[in-house]
**Student:** 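Sharing a structure, written as structure tokens. Questions coming.
Chain identifiers are assigned alphabetically (A, B, ...) following the order of the sequence lines, protein sequences preceding nucleic acid strands; residue numbering begins at 1 within each chain. Not measured: the values here are computed from a predicted model.
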Amino acid sequence: MRLSRYFLPILRETPKEAEIVSHRLMLRAGMLRQETAGIYAWLPLGLRVLNKINAIVREEQNRAGAIELLMPTIQPADLWRESGRYDDYGKEMLRIKDRHEREMLFGPTNEEMVTEIFRGYVRSYKDLPLNLYHIQWKFRDEVRPRFGVMRSREFLMKDAYSFDIDAEGARHSYAKMFVAYLRTFERMGLKAIPMRADTGPIGGSLSHEFIILANTGESEVFCHKDFLDYEAPPADINFDDRAAVQDVVDRWTARYAATSEMHDAPVFEALPEAERVSARGIEVGHIFSFGTKYSEPMRAVVNGADGKEVPVQMGSYGIGPSRLAAALIEANHDEAGIIWPRAVAPFHVGLANLKVGDPATDAACEDLYARLTKAGVEVLYDDRDDRPGAKFATLDLIGLPHQLIVGPKGLASGEIELKDRRTGARESLTPDAAFNRLVAESA
RNA sequence: CGGGGUAUAGCGCAGUCCGGUAGCGCAGUAGUUUUGGGAACUACAGGUCGCAGGUUCGAAUCCUGCUGCCCCGACCA
């Protein structure tokens, strides 16, 4: 992408409404625009990040056997009356009426709807297990939205719903999502720790929140330090192998880890002090197993092998990609701006032409831009007639992992500069060497 | 929902106490000189001073009501 033809509205000063670093940087880097309290437009750079996050989430959901569909944002109130949640959900649910005065709502979650879809088609235990998910906008009318997209009213959520014939199957479905979540967050370069959690209005008995540690996190968390060294399971784990999948869950739940709501201070303090970690965290995922809470009242039943009709065992599994975008920045930034982990970076490389109009630099940049793009490396080419300092500042701010700096000085001796955004390390090398390096890394 | 703050050009702000017809920096446009860490100069353009009502010869400024947004707290993916 040529910056001269892109839409990247960088702000030099921070809008005063932004308090926390991710919100400030997202506004300054031209990723977001607030339209009203808790509701944001995603500008092109922000959307690229969101799409990268979604792609990883999707790959790992698919790998774990979940199947993608897409449910609507607007739902009929009657569906929620069946589960009893229409009244329970309270003011957080945005209620609307259509032209026929029918009561509708903007979905804050989709248990009712997915259960309605399920019961319309599935009759036999032979069709189970089943896990359906979608990535769709949700609306929860928060009393006090804040921190940009970290706590917005409209937000993107990946929500998966599992259906099983019995409790043992449901446990396996839960374990599969547990493993998929560990992998998903690790691929984004985040250390997410599963913590026993309260089930809230979703209900159920078994629940874990996935928390990443960050100073600006909203919740206070406590865990064993061993978690910091745990590694996520490999991509080739066999999700159908119940024992293998359960082993991962057992390992990751053996040590103490809890949010403040579930914190058991005496147990935690019984640990040697050197093994305790108390920190702040950001919740980036939440999984629930809630049995027949919805299937029973909504009559989502199947025939078992014994010919008897039973309500299905369900679970739901959520990740907030829009919140993740902010959480990633909270975990990856410095004074100059964002530092994207490669997997979610909006572009891989920023190519800075330090002297637009100079035949040698123009030619070198055009050549690199064309070759890298053709090789599948995502390049943002700053071809604007601007001063070098401004270009450096912009590239640092938007945080692409690599900066390729092409100027007349270096070119005079046949070299350009490759800068690593995270370490700040710069290296002079030939354009061909830089090309090979970047292509090798994206392979 | 309780408490606090704030609203003036795209962004950041001054002007409000003490009423006299709106200003600064950045960004924008044109030109000149510049060009390896957010350039300089000159010129230009950009405002129903959040909204409604009131007081006054005259309101960004005083009064009344309303609204938006932000922060702290309680609550939540």
**Student:** Are A:Y230 and A:F227 close enough that their ring centers fall under 6.0 Å?
**Tutor:** yes
**Student:** Find the distance A:F147:CZ to B:C72:C1' and express it as a whole number of Å.
**Tutor:** 10 Å
**Student:** How close or far is atom P of B:C71 from atom NE2 of A:H23, stated in whole angstroms?
**Tutor:** 8 Å
**Student:** Who is the Watson-Crick or G-U wobble partner of B:G65, with both distances under 3.5 Å?
**Tutor:** B:C51
**Student:** Strictly by Watson-Crick or wobble contacts shorter than 3.5 Å, is anything paired with B:C17, and which nucleotide is it?
**Tutor:** none
**Student:** On a plain distance test, is the side chain of A:D386 in donor-acceptor contact with the base of B:G38 below 3.5 Å?
**Tutor:** no
**Student:** Nearest to the side chain of A:D396 - B:C75, B:C26, B:G37?
**Tutor:** B:G37
**Student:** In whole angstrom, give me the gap between the C1' atoms of B:G37 and B:U32.
**Tutor:** 24 Å
**Student:** Is the Lys NZ or Arg CZ of A:R196 less than 6.0 Å from the centre of A:Y256's six-membered ring, within 45° of the axis?
**Tutor:** no
**Student:** Tell me which nucleotide among B:C69, B:C11, B:G38 gets nearest to the side chain of A:E13.
**Tutor:** B:C11
**Student:** Ignoring hydrogens and geometry beyond distance, is the side chain of A:K16 in donor-acceptor contact with the base of B:G5 at under 3.5 Å?
**Tutor:** no
**Student:** Of the candidate nucleotides B:C75, B:G37, B:U35, which contains the atom at the shortest distance from the side chain of A:E142?
**Tutor:** B:C75
**Student:** Do the charged groups of A:E103 and A:R81 touch, with an N to O distance under 4.0 Å?
**Tutor:** yes
**Student:** Grab the CZ-C1' distance between A:R426 and B:G37 for me, whole Å please.
**Tutor:** 8 Å
**Student:** Is it the case that the base of B:G3 and the side chain of A:R144 share a donor-acceptor contact (distance under 3.5 Å, atom types as modelled)?
**Tutor:** no
**Student:** Partner of B:U29 by Watson-Crick or G-U wobble geometry, both contacts under 3.5 Å, or none?
**Tutor:** B:A43
**Student:** Give the rounded distance in Å between these two atoms: CG of A:D141 and C1' of B:C75.
**Tutor:** 13 Å
**Student:** How is A:G410 classified with respect to the nucleic acid when contacts are heavy atoms under 4.0 Å: base, sugar-phosphate, or nothing?
**Tutor:** base
**Student:** Quick check: A:H286 with A:F210 (ring centres under 6.0 Å apart)?
**Tutor:** no
**Student:** Is there a Watson-Crick or G-U wobble partner for B:A22 with both distances under 3.5 Å, and if so, which one is it?
**Tutor:** none
**Student:** With C1' as the reference atom in both, quote the distance from B:U67 to B:U56 in angstrom, rounded to an integer.
**Tutor:** 26 Å
**Student:** Rounding to a whole Å, what distance do you find between A:K391:NZ and B:U34:P?
**Tutor:** 19 Å
**Student:** Any idea which of B:U34, B:C70, B:A27 is nearest the A:Q34 side chain?
**Tutor:** B:C70
**Student:** By the 4.0 Å heavy-atom rule, please label A:E17 as base, sugar-phosphate, or nothing.
**Tutor:** sugar-phosphate
**Student:** When we call it a touch if two heavy atoms are under 4.0 Å apart, what does A:K91 touch: a base, just sugar-phosphate, or nothing?
**Tutor:** sugar-phosphate
**Student:** Can you tell me the pairing partner of B:G2 across any strand shown, Watson-Crick or G-U wobble, with both distances under 3.5 angstrom?
**Tutor:** B:C72
**Student:** Which nucleotide wins on minimum distance to the side chain of A:E19, given the candidates B:C71, B:G68, B:C1?
**Tutor:** B:C71
**Student:** Before you tell me yes or no, could you show the steps for A:L368 and A:I416 under side chain to side chain contact (heavy atoms under 4.5 Å, CB included), namely the whole-Å CA-CA distance, both residues' side-chain angles and the distance that decides it to 0.1 Å?
**Tutor:** CA-CA 11 Å; A:L368 278 166; A:I416 61 177; 3.6 Å; yes
**Student:** Among B:C70, B:A39, B:A27, which nucleotide sits nearest the side chain of A:A37?
**Tutor:** B:C70
**Student:** Going by an N to O cut-off under 4.0 Å, is there a salt bridge joining A:R187 and A:E60?
**Tutor:** yes
